[in-house]
Amino acid sequence: LVTVFLIPLGMLAIFSFWVNIPGGQYEAGFTLENYVRFLTSSLYLGQLWLTIELALLTAALSLVLGYPLAYYLAQLDHPRLRSALLVIIISSLWITYVIRAYAWQVILASNGILSSIGVFIGLLDNHTSFYPGYWGLIIGMVYIFLPFMILTLYSSLRNLDNGLLEASKNLGAGPIYTFRRVTLPLTKNGVASGTALVFILALGAYVLPRLLGSGSERTLPVLIEQQIMSESNYPFGAAMSIGLIVVVLAFLWLLLRLTNVTAGGLGGIDTKKSDAGVFSRRSKGTAAKTWGILRSTSETIGFTAVIIKAV
């Protein structure tokens, strides 16, 4: 953990305070100029808010679309059909983002399938291109990250006790009331984990904004790449990267506050009670909570166990 996460993160933090020398060079030192430039520039702050907006909208739409699909898969009575559908969802992850982004360029083009259908049914007067643009980027990001949401929610819904749902119906509760008071509260860990996962992935997306977004949809990761590869301004690129990390930590903290989910629950760990009726896993102190958020972030990103469990 120290080698993979803490050392690179520490180096990134150190580089962010180094001094940039015009001409593609930099030297060791300590300066706050990089952070001052980032936090006082309307350009970079505007693109930061745009990046957060895109990530939030992608996570919200993925949750709205992914929850019914995950619920259907979890309640499906045919194991072979369920396994086949899960394989289809997982197999979409085997294709690189670049190929799928180019495929959406074809679909969203003025002579693509979407525009042709719109003209055929009368929604569009003329063939219209939906890319590059804001909504074309949103469509592509939701498509790319939706499988992550479905698999995370499926793992939570699969462990749902159907006896509780039957008991709710036997007591006279309708489907909507049962979902609101039983199903959703029992799967809030999956909802929080899936939302955090998709938000983090969308926040750091680089390929999709480059291929599906216009010049005004250049997100912060794209600007970071430009600073490093084109301007050779590594200290300023590192400072912007630290800014993204702070956004992720702030989002996770806010998510834990709003959903009342523990850091372990966000990482996919079920909180269990001991015989004395108290929680056996509880973070105490600011340092422990901070470490729990960092650990849950790494566990959320590393969702391999969820895929294996789903299959």
Side-chain angles (χ1 to χ4, degrees), residues 58-104 106-107 113 138-170 175-176 178-180 182-202 204-205 207-208 259 261 264-272 296-311:
T58 300
L61 292 176
S62 298
L63 178 61
V64 172
L65 296 175
Y67 200 101
L69 294 174
Y71 185 84
Y72 171 77
L73 288 173
Q75 298 297 321
L76 198 60
D77 294 330
H78 304 283
R80 291 186 178 180
L81 178 58
R82 181 172 61 248
S83 299
L85 293 176
L86 285 172
V87 168
I88 293 175
I89 294 173
I90 295 173
S91 63
S92 66
L93 302 175
W94 299 343
I95 305 175
T96 179
Y97 290 178
V98 178
I99 296 177
R100 286 186 282 174
Y102 279 123
W104 274 107
V106 176
I107 296 173
I113 298 175
I138 289 294
I139 292 174
M141 292 179 70
V142 171
Y143 167 77
I144 294 295
F145 300 128
L146 183 59
F148 296 92
M149 178 68 76
I150 293 176
L151 292 173
T152 306
L153 291 172
Y154 171 80
S155 178
S156 180
L157 287 166
R158 188 62 178 166
N159 294 326
L160 186 64
D161 187 359
N162 290 328
L164 297 176
L165 303 181
E166 293 295 332
S168 177
K169 295 178 181 179
N170 293 336
I176 297 179
T178 300
F179 173 78
R180 186 168 59 90
V182 180
T183 306
L184 189 59
L186 291 176
T187 57
K188 67 177 182 178
N189 282 10
V191 172
S193 182
T195 302
L197 175 60
V198 173
F199 176 83
I200 293 172
L201 293 175
V207 174
L208 297 175
T259 60
V261 174
L266 185 61
I269 302 174
D270 295 331
T271 303
K272 298 180 180 180
S296 66
T297 303
S298 62
E299 291 174 347
T300 303
I301 296 175
F303 69 107
T304 308
V306 175
I307 297 180
I308 296 174
K309 186 177 181 181
V311 177

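Just so you know, these numbers use all the heavy atoms, side chains as well, and skip hydrogens, waters and symmetry mates.
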Does some side-chain heavy atom of [Y] sit less than 4.5 Å from a side-chain heavy atom of [X]?
X: Val106; Y: Ile113; answer: no
X: Thr183; Y: Tyr71; answer: yes
X: Arg158; Y: Arg82; answer: yes
X: Leu151; Y: Leu86; answer: yes

Nearest-0.5 Å distance, [atom1] of residue [X] to [atom2] of residue [Y]:
X: Ser155; Y: Leu73; atom1: OG; atom2: CG; value: 12.5 Å
X: Leu65; Y: Leu69; atom1: CG; atom2: CG; value: 7.0 Å
X: Arg80; Y: Leu85; atom1: CZ; atom2: CG; value: 14.5 Å
X: Ile139; Y: Thr58; atom1: CD1; atom2: OG1; value: 11.0 Å
X: Leu184; Y: Phe179; atom1: CG; atom2: CZ; value: 4.5 Å

Review point. Checking Thr152 side chain against Phe148 main chain: does a donor-acceptor pair fall under 3.5 Å?
Key: yes

Practice item. Could you tell me whether the side chain of Ser91 and the main chain of Ile88 form a donor-acceptor pair under 3.5 Å? Key: yes

Review point. Taking only residues two or more places apart in sequence or in another chain, which ones pass side chain to side chain contact (heavy atoms under 4.5 Å, CB included) with Ala59?
Key: Thr195, Val198, Phe199

Exercise for review: Can you sort out the partners of Ala70 under side chain to side chain contact (heavy atoms under 4.5 Å, CB included), two or more places apart, ordered by chain and number?
Suggested key: Ile150, Leu153, Tyr154, Leu157

Point to revise | Residues Leu61, Ile138; criterion side chain to side chain contact (heavy atoms under 4.5 Å, CB included); working and verdict | key: CA-CA 9 Å; Leu61 292 176; Ile138 289 294; 3.7 Å; yes

Revision key, fill the gap. Between Met149 and Ser62 the two heavy atoms that sit nearest each other are CG-O, 3.5 Å

**Study point:** Sequence neighbours excluded - side chain to side chain donor-acceptor pair (under 3.5 Å) pairs with any residue from residues 92-104
**Key:** none

